[in-house]
Amino acid sequence: MHLLEAKRLTRMFGLVAAVKDISFRIGDKRVVALLGPNGAGKTTTLSMLAGLLEPTAGDILFPGLAGDRRSWIGFLPQIPAFFGWMTGQETIVMAGRLCGLSTQEAETRATELLATVGLRDAARRKVSGYSGGMKQRLGLAQAVVHRPRLLILDEPVSALDPVGRRDVLEMLRSWKQEMSILLSTHVLHDAEQVCDDLILLNRGSVLEQGTLEELQRSAGSASIQVKTEEGEPSERWLNSLVSLPGVLKVEGDGWERRLRTELIDEVREKLLQSAADHKIPIVQFEAGYPTLEEWFLKAVQS
Amino acid sequence: MNTFLVLWKKEWTEAVRTSKLIWLPAVFVLLGIAQPVTAKFMPDILKSAGSLPEGAIILIPLAKPGEVLGQTLGQFGTIGVLAICLAFMGMVSGERRSGMAAWILVKPVSSLAYAASKWAVSTILSLGSFGLGYAAAWYETTALIGTPEPGKALAAGAAYGGWLALIVLAVLAAGAWLNAPAAAAFVPFAGATVLQLIQGFFPYPLRALPSGLATEAIASLKFNSWPCVTDAGWTAIAIGALLVWLALWGIRNRPLRV
């Protein structure tokens, strides 16, 4: 059962289409990454889902959830904004109250969440004195105060240092038990770590979508990379690799080759066997599917 | 209703913590006190400041109490209106600029509750400051010059309050459409000034302009008559309704800074 369905969403700014005709579904309790280079339409898409921008055309459906969809959504914008004159505690309480919690509930939830995001000591301080990382944590806390079904995060980790980034990813992993999370990012490594599904946007259109594994497999044939020590036997051996059965294509030069293949297991076995037979000094050997980064670059550039 | 109360409380706390609650009434009270004092001591001020020849006789008839109150309203119409525009210019446009409007409106909050909370607080604050300033002017006038007629003074004050309430609405509507807070302050201030100016040239034929509320309030105090603002009142209500609609439309359509 999916939680949200976007059908043929389009958003124009004047004559320019920031997002054109995109459709996707978000499953219940899935973590979905919206990937894409800058200007791909990620923020526009998220703003439409959050109800901040009206789509020029298309529908956003929450099957099974009635009423104002904003009640089911928690949102963290790219640059989280706060009232500098409020304290952290007051900010979360106000967010909770606006989402319909009672004063009592909001207070309890605020204390609990500020501890979760590591701001317990700063709870009574004015937000204007918070650092960028603290504001990001506060932003996360206010986004989940009402236990939303869908948490939308616009670039939640891009502005953080490695420690903050790890903490945020940890929090996302634990919140994943309770809600679906949709996040936009261009840090592919993070996407790989927490996400179940990926949606790749470029110039306002969906290029590809699917689970992490599906997409990596579709990104092209598996490949084996092999590097040898310099020497005449190595050179002869490397040049003979094209004729190995199952190899589709050989790329690279010097003492390094990349073999594309559909039959990775067989080719790997034959390659190692042949290297052993010929006593080839291998220095590096890597087999696998293309990394997310290769896939990303390939998809965006094509 | 619930969200309205939360936002209403937030607006008050903000007014307190950004000292708006102090300086806006202070401006009006100062203006209210200054005018009767100037009116009373003008001959002395001129005598000590001007390099007049020995033996020059200055004869300025002491203004009537109502006239002084009217002059105070004239001061409110320039500096007071400017203060109101500056105080509330950022209420919508500033929040949109900083992203706070989006922060509030992604939560299940209606744009009506958002606009209404801002309108209620800014109107109460403006009219409260005006009331304090007007009361201060009344007190000083009574102490220095004489007691104005209470009923007529109240009627003129009410008419003038209507004009200020309309300006507050204009500031909110401008803020809903203009991204720069300075522009949101300038447009209503310039509008109010121009209206008051052209009405000064043809007070009677243009009596239906909303600024007629202000002009008539001042005139009625000066001539000790009852303010007659029926036409101006109706136009003010019509324009007020239009501004409410503009403000709501702007907030609903442009929560983001795009």
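These numbers were taken from a predicted model, which means no experiment stands behind them. So you know, we letter chains A, B, ... as the sequences are listed, proteins then strands, and number each from 1.
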Quiz prompt | A:Ala95 portion near chain B, given a 4.5 angstrom heavy-atom threshold | solution =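 Its backbone and side chain both get close to chain B.
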Self-check item: Interface moiety of A:Thr91 toward chain B, non-hydrogen atoms closer than 4.5 Å
Solution: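 A:Thr91 touches chain B through backbone and side-chain heavy atoms alike.
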Self-check item: Within 45° cone and under 6.0 Å: B:Lys107 NZ/CZ vs B:Trp103 ring
Solution: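 Judged by the rule (NZ or CZ under 6.0 Å from the ring centre, within 45° of its axis), B:Lys107 counts as positioned above B:Trp103.
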Quiz item: Hey, is A:Lys29 close enough to A:Glu178 for a salt bridge, meaning N to O under 4.0 Å?
Solution: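 So A:Lys29 does not pair with A:Glu178 through a salt bridge.
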Exercise. Could you tell me whether A:Glu155 and A:Arg165 make a salt bridge, using a distance below 4.0 angstrom between a side-chain N and a carboxylate O?
Key: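 Between A:Arg165 and A:Glu155 there is no salt bridge, as every charged N stays at least 4.0 Å from the carboxylate O atoms.
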Quiz prompt | B:Glu14: partners by side chain to side chain donor-acceptor pair (under 3.5 Å), with sequence neighbours left out | solution =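 Partners of B:Glu14 under the side chain to side chain donor-acceptor pair (under 3.5 Å) test: A:Trp85, B:Lys10.
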Self-check item: Residue selection (most heavy-atom pairs with chain B, distance under 4.5 Å) from A:Ser71, A:Pro77, A:Ala50
Solution: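 Among A:Ser71, A:Pro77, A:Ala50, the one with the most close pairs to chain B is A:Ser71.
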Exercise. Give, as side chain, backbone, both or neither, the part of B:Ser111 having an atom under 4.5 angstrom from any heavy atom of chain A.
Key: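 Neither part.
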